[in-house]
Every structure is written in structure tokens, then in C-alpha cells.
Participant: 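Take this structure first; my questions come after.
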Amino acid sequence: MDKISVLFVCLGNICRSPAAEAIFLKIIEDRGIKEKFIVDSAGTGSWHVGKEADGRMKLAAKNRNINIKSKARQIKREDFHRFNYILTMDNSNYIDVLKIKNSESSEDDSKVIKLQDFASDFANKEVPDPYFGGDDGFNNVLDILEDSVSGFLKSLL
Ligand code: 4NP
């Protein structure tokens with residue numbers, strides 16, 4: 001069976017999408033199904049390309065036994081051919097990602113979906129940008145991500 005490929009996308013790729021990627025990886029590792037997936041994350045912006053995730057997010061995640069290891073990169077056209085699912089964090093990312101997807105006439109099979117659609121405890125809530133806020137914001141993002149990322153996995157299995 002072909003692997004299922006999943007790309008999480010936010011603005012900077014240093015806070016929300018690397019955390020979503022790490023949470024997804026932890027769940028599939030714990031469940032012994034890691035081999036079925038290709039998982040990555042990217043940002044719509046390029047400011048932080050090559051950098052590790054924000055230290056505040058890494059620390060908040062580490063306190064939950066989640067290790068964020070990825071380095072930031074910017075989403076590119078090729079991603080729409082490489083990934084089955086492209087999951088965005090907020091409405092603004094969603095619109096930006098769709099613009100890139102539709103900027104070329106070539107067809108691709110990727111599905112662009114708002115991650116918030118899979119939340120049950122945080123229904124209809126965007127994953128808010130924690131970058132300019134306090135430490136509480138990072139924990140709030142992790143709560144929303146744990147809910148919505150596991151909801152997304154459930155929808156696949
Ligand atoms: P992220 O958070 O999109 O969750 O990675 C942000 C990181 C950096 C910036 C904005 C949001 N920034 O403006 O540099």
C-alpha cells in the first residue's frame with residue numbers, strides 16, 4: 001500500500017506546524033504505524049527558513065513528551081504533488097495555500113484542509129498564532145493541536 005503523506009502548514013513554520021508534525025509523529029510511533037506515513041511541515045512565509053522551531057514551543061511541547069526536531073522551510077509547488085493532505089492552521093494559511101495550489105494550471109491530487117475541521121473539543125476554532133503572545137498561548141495551541149491532529153488521524157483509519 002502507498003504511504004499516506006501529510007504536510008502541516010502555518011505561517012512561519014517555527015511554532016504551530018512543527019508542533020502539529022511532532023504530535024502526529026508521536027501518535028503514529030506510539031501506535032506502531034509510523035511506516036504507513038510520510039510527515040512534514042512548512043510555512044507560507046520565508047522569514048525563518050533553516051531555523052529550528054521557536055524555543056518557547058519546543059519547551060512547552062517537551063513538557064508533554066513531544067520532541068520537535070524539524071527545521072523551517074517554505075511550502076513549494078512541488079508539495080502539492082508530493083503530499084496527499086495539506087493541513088493548514090488558520091483561515092489565512094488556508095487561503096494562502098489555496099492560492100499557491102491554484103497558481104499553476106497543472107493538476108494535482110493534494111487535498112487542502114483546515115486542521116480545525118478535525119477538532120472535537122475545540123470545534124470551529126482556528127489554531128491561533130502564538131508567536132507574539134505569552135507562554136499560555138503555546139500551551140493553548142498544543143491543546144488544540146492534540147485534539148485536532150488525533151481527530152485527523154481517526155478520519156484516516
Ligand atoms: P507559526 O508562528 O506560523 O505558528 O510558525 C509564527 C512565527 C513567526 C511569525 C509569525 C507567526 N513571524 O511573524 O515572524
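In each ligand, atom 1 is the first atom listed, and ligand 1 is the first ligand listed.
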Participant: Report all N/O contacts between ligand 1 and the protein shorter than 3.5 Å as a table of atom names and distances to 0.1 Å; if there are none, say 'none'.
Facilitator:
{"residue": "ligand 1", "atom": "2 (O)", "partner": "Asp129", "partner atom": "OD1", "Å": "3.4"}
{"residue": "ligand 1", "atom": "3 (O)", "partner": "Leu11", "partner atom": "N", "Å": "2.9"}
{"residue": "ligand 1", "atom": "3 (O)", "partner": "Gly12", "partner atom": "N", "Å": "2.8"}
{"residue": "ligand 1", "atom": "3 (O)", "partner": "Arg16", "partner atom": "NH2", "Å": "2.9"}
{"residue": "ligand 1", "atom": "4 (O)", "partner": "Arg16", "partner atom": "N", "Å": "2.9"}
{"residue": "ligand 1", "atom": "4 (O)", "partner": "Arg16", "partner atom": "NE", "Å": "2.7"}
{"residue": "ligand 1", "atom": "5 (O)", "partner": "Gly12", "partner atom": "N", "Å": "3.4"}
{"residue": "ligand 1", "atom": "5 (O)", "partner": "Asn13", "partner atom": "N", "Å": "3.2"}
{"residue": "ligand 1", "atom": "5 (O)", "partner": "Ile14", "partner atom": "N", "Å": "3.0"}
{"residue": "ligand 1", "atom": "5 (O)", "partner": "Cys15", "partner atom": "N", "Å": "2.9"}
{"residue": "ligand 1", "atom": "14 (O)", "partner": "His48", "partner atom": "NE2", "Å": "2.8"}

Participant: When you measure from the side chain of Asn140 to the backbone N and O of Asp136, does any donor-acceptor pair fall under 3.5 Å?
Facilitator: no
Participant: Might you point out which heavy atoms bring Cys15 and Asp54 nearest each other, and give the distance in Å?
Facilitator: SG-CB, 3.8 Å
Participant: Is the backbone of Met89 close enough, under 3.5 Å, to the side chain of Asn93 for a donor and an acceptor to pair up by distance?
Facilitator: yes
Participant: Counting distance only, does the side-chain N/O of Gln74 pair as donor-acceptor with the main-chain N or O of Thr44 below 3.5 Å?
Facilitator: yes
Participant: If we ignore hydrogens and angles and just use 3.5 Å, is the side chain of Asp90 paired with the main-chain N or O of Pro128 as donor and acceptor?
Facilitator: no
Participant: Name the orientation class of the two ring planes belonging to Phe37 and Phe24 (parallel below 30°, tilted from 30 to 60°, perpendicular beyond 60°).
Facilitator: perpendicular
